[in-house]
Amino acid sequence: MTRLDDDTPRTGCPDAKRDRQPLTRRAAVERIRAALEGLYDAREATSIARMAVAEGSGITLSALLTAPEAPAAIDDFEQTVARLAAGCPVQYLLGNAEFLGRRFAVGEGVLIPRPETEELAAWIARDERGAAAILDVGTGSGCIAATLALELPRTRLYAADISERALAIAAANCRTLGARVALRRADALADLAEVFPEPFDAIVSNPPYVPECERAAMHPNVRDYEPREALFVPDNDPLRFYRAIARAGQRMLRPGGRLYFEIHPPFAEAMRRMLDEEGYAGTEVRDDLFGKPRMTCSRLQ
C-alpha cells in the first residue's frame, strides 16, 4: 500500500517518523480539488474529490463528511490525483457509476451513465408496466436494460450493442444485479431486426447523437476518454441512428408499440418531423432536469 505517511525517515532527520502526520480525508479532498481547478467548476471539483476519497478509502460519503480528520488511507494517492487532473472521469478511475440507486461497473469502452438517462429509464419503468418485451439498443453498461429488468420483473428484457467489450460489461452488471437480460451483438445501422426477430412492445435507445463539429467544445473528460463511437455522428446526418432504429422498429414493434429515445436537445423538432415521416404518431418530447428537451416517446401507427 502506497501511503503518504510511510515510516521512512528523511536523511538527517531521525525524528521524521514522529513528526510526519498521516494525510487526513479533509486534506486529501483539498489536494484533489485544487488539482482539478480549471478543469471543472468549484462545485463539481469538490464533488469529484469527495467521491474519489470516499471510494478510495473504502468508506461512505457520510463517513467522509462526519470524520474528515481521520486518515485517508488511499492506495496510490499521487497517481489518483494525477489521473484525475489529466481529465480521467472519476467513474472510470473508481470502476463504477450510480444509476437510479444501483451501482454499475464501467470502464473505458462504455459510456458513463448520466442523470438524464436515469429520467428516461424511470419514464419507461412507469409507463410500460404491461409490456411483454422491451429492447434496449446500444446498451453500453447495460444500465437501462438491467434497471428495467429489475423494475419490470414480468417483462422480458433484451439488449443490443455492436461492441463486444460493452456486451461483456453489461453481462457482468446483469449478473451482479440479478437482472435477467438477453444480450446480443447487433449493428443498429444494419441488422437489428434480423438479430432480434421477437415482437416488442417498446424499444429504447440512447444512441450516438453529438455532431462531429461539437467535438472540440466538449469537456475533455468526455471527449478524450469516453468511446467516440458511442458519442459522435456525422455533421451531415446527425439523426442516422434514430432513423435506422425507427425503420427497424416498423418491423419489430407490435402495432401501437412505443419507441423511446434520448436525444440531443438542438434536434428536438427535427426528431419529431423524422418520426412523423417514418410512420410514428403522438411523439411526446420531455425536458430533462436541466430544462432541455432530452427524451421522446412515439407510437407506431
Inset, instruction - Quick one: do Y225 and C88 satisfy side-chain contact (heavy atoms from CB on, under 4.5 Å)? Show the steps, please. - result: CA-CA 7 Å; Y225 286 89; C88 179; 3.8 Å; yes
Give the cluster check for [X] versus [Y]: same hydrophobic cluster or not, with ILVMFWY residues linked at side-chain heavy-atom distances below 4.5 Å.
X	Y	value
L111	F232	yes
L183	V110	no
L65	V29	yes
V81	M51	yes
V285	L120	no

If you look at every heavy atom in [X] and [Y], which pair is closest and at what distance?
X	Y	result
S57	I74	OG-CG1, 3.5 Å
A246	Y280	O-OH, 2.6 Å
S298	T283	OG-OG1, 2.8 Å
L23	A28	CD2-CB, 3.8 Å
A244	L189	CB-CD2, 3.8 Å
G140	A170	O-CB, 3.5 Å

Taking the side chain as everything from C-beta on, heavy atoms only, tell me whether [X] gets closer than 4.5 Å to [Y].
X	Y	result
L259	L300	no
E284	R272	no
T117	I144	yes
F290	E116	yes
F267	P238	yes
I32	L84	yes
L231	P208	no
V106	Y92	yes

Checking R258, R156, R254 against D201 for side-chain hydrogen bond (donor to acceptor under 3.5 Å, both in side chains), the one that qualifies is R254
The salt bridge (charged side-chain N to carboxylate O under 4.0 Å, His left out) partners of D237 (sequence neighbours excluded) come to R243
Sorted by chain and number, sequence neighbours left out, salt bridge (charged side-chain N to carboxylate O under 4.0 Å, His left out) with E262 holds for none
By side chain to side chain contact (heavy atoms under 4.5 Å, CB included), A146 pairs with (sequence neighbours left out) F104, C174, L177, A179
Sorted by chain and residue number, the side chain to side chain contact (heavy atoms under 4.5 Å, CB included) partners of D191 (sequence neighbours excluded) come out as A186, D187, E194, V195
Q.
If you apply the rule salt bridge (charged side-chain N to carboxylate O under 4.0 Å, His left out), what do you find for R25 with E30, and how did you get there?
A. CA-CA 9 Å; R25 295 168 182 171; E30 178 55 27; over 6 Å; no
Is the number of heavy atoms from other residues, nucleotides or ligands under 6.0 Å of R228 CZ greater than 12?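 No - once you tally the heavy atoms of other residues, nucleotides and ligands closer than 6.0 Å, there are 12 at most.
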Problem set entry | Neighbour count above 12 (heavy atom, 6.0 Å) for R184 CZ | yes
Practice item. Check the side chains of T139 and D136 for a donor-acceptor pair under 3.5 angstrom, ignoring hydrogens and angles. Key: yes
[X] side, atom [atom1]; [Y] side, atom [atom2] - distance, nearest 0.5 Å:
X	Y	atom1	atom2	value
N221	L93	CG	CG	12.5 Å
I245	R247	CD1	CZ	12.5 Å
I112	C143	CD1	SG	11.0 Å
N173	S141	CG	OG	6.0 Å
Q301	L253	CD	CG	12.5 Å
Q91	E98	CD	CD	10.0 Å

Query - Worked verdict on R102 versus E118 for salt bridge (charged side-chain N to carboxylate O under 4.0 Å, His left out) - result: CA-CA 11 Å; R102 298 182 176 92; E118 289 182 315; over 6 Å; no
**Asked** Do I134 and Y158 pass the side-chain contact (heavy atoms from CB on, under 4.5 Å) test, and can you show the C-alpha distance, the side-chain angles, and the key distance before you say yes or no?
**Response** CA-CA 6 Å; I134 297 175; Y158 299 78; over 6 Å; no
(request) For side-chain contact (heavy atoms from CB on, under 4.5 Å), just list the numbers for R185 and I162, CA-CA rounded to whole Å, side-chain angles, deciding distance to a tenth of an Å, and then say yes or no. (result) CA-CA 5 Å; R185 186 179 185 277; I162 196 171; 3.8 Å; yes
Hey, do the aromatic rings of F261 and Y242 have their centres closer than 6.0 Å?
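F261 vs Y242: aromatic centres under 6.0 Å.
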- Query: Salt-bridged, R273 to E278, with N to O below 4.0 Å?
  - Reply: no
Could you note down all residue pairs passing salt bridge (charged side-chain N to carboxylate O under 4.0 Å, His left out) where residues 289-301 supplies at least one of them, sequence neighbours left out?
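Salt bridge (charged side-chain N to carboxylate O under 4.0 Å, His left out) check on residues 289-301 returns D288-R294.
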Here the salt bridge (charged side-chain N to carboxylate O under 4.0 Å, His left out) pairs for residues 47-69, sequence neighbours left out, are R26-E69, E55-R103
* To do: With salt bridge (charged side-chain N to carboxylate O under 4.0 Å, His left out) as the test, would you mind laying out the steps for R33 and E37 before giving the verdict?
  => CA-CA 7 Å; R33 188 205 63 74; E37 283 185 356; 3.2 Å; yes
CA sep, side-chain torsions, deciding dist, call: C297, W123, side-chain contact (heavy atoms from CB on, under 4.5 Å): CA-CA 10 Å; C297 175; W123 182 8; 3.4 Å; yes
For the pair [X] (side chain) and [Y] (backbone), establish whether a donor and an acceptor sit closer than 3.5 Å, ignoring hydrogens and angles.
X	Y	value
D41	E44	yes
T24	A70	no
T66	S62	yes

In terms of ring plane angle, is the pair H264 and Y209 parallel, tilted or perpendicular, where the classes change at 30° and 60°? parallel
- Which of parallel (below 30°), tilted (30 to 60°) and perpendicular (above 60°) describes Y40 and H219?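 Parallel.
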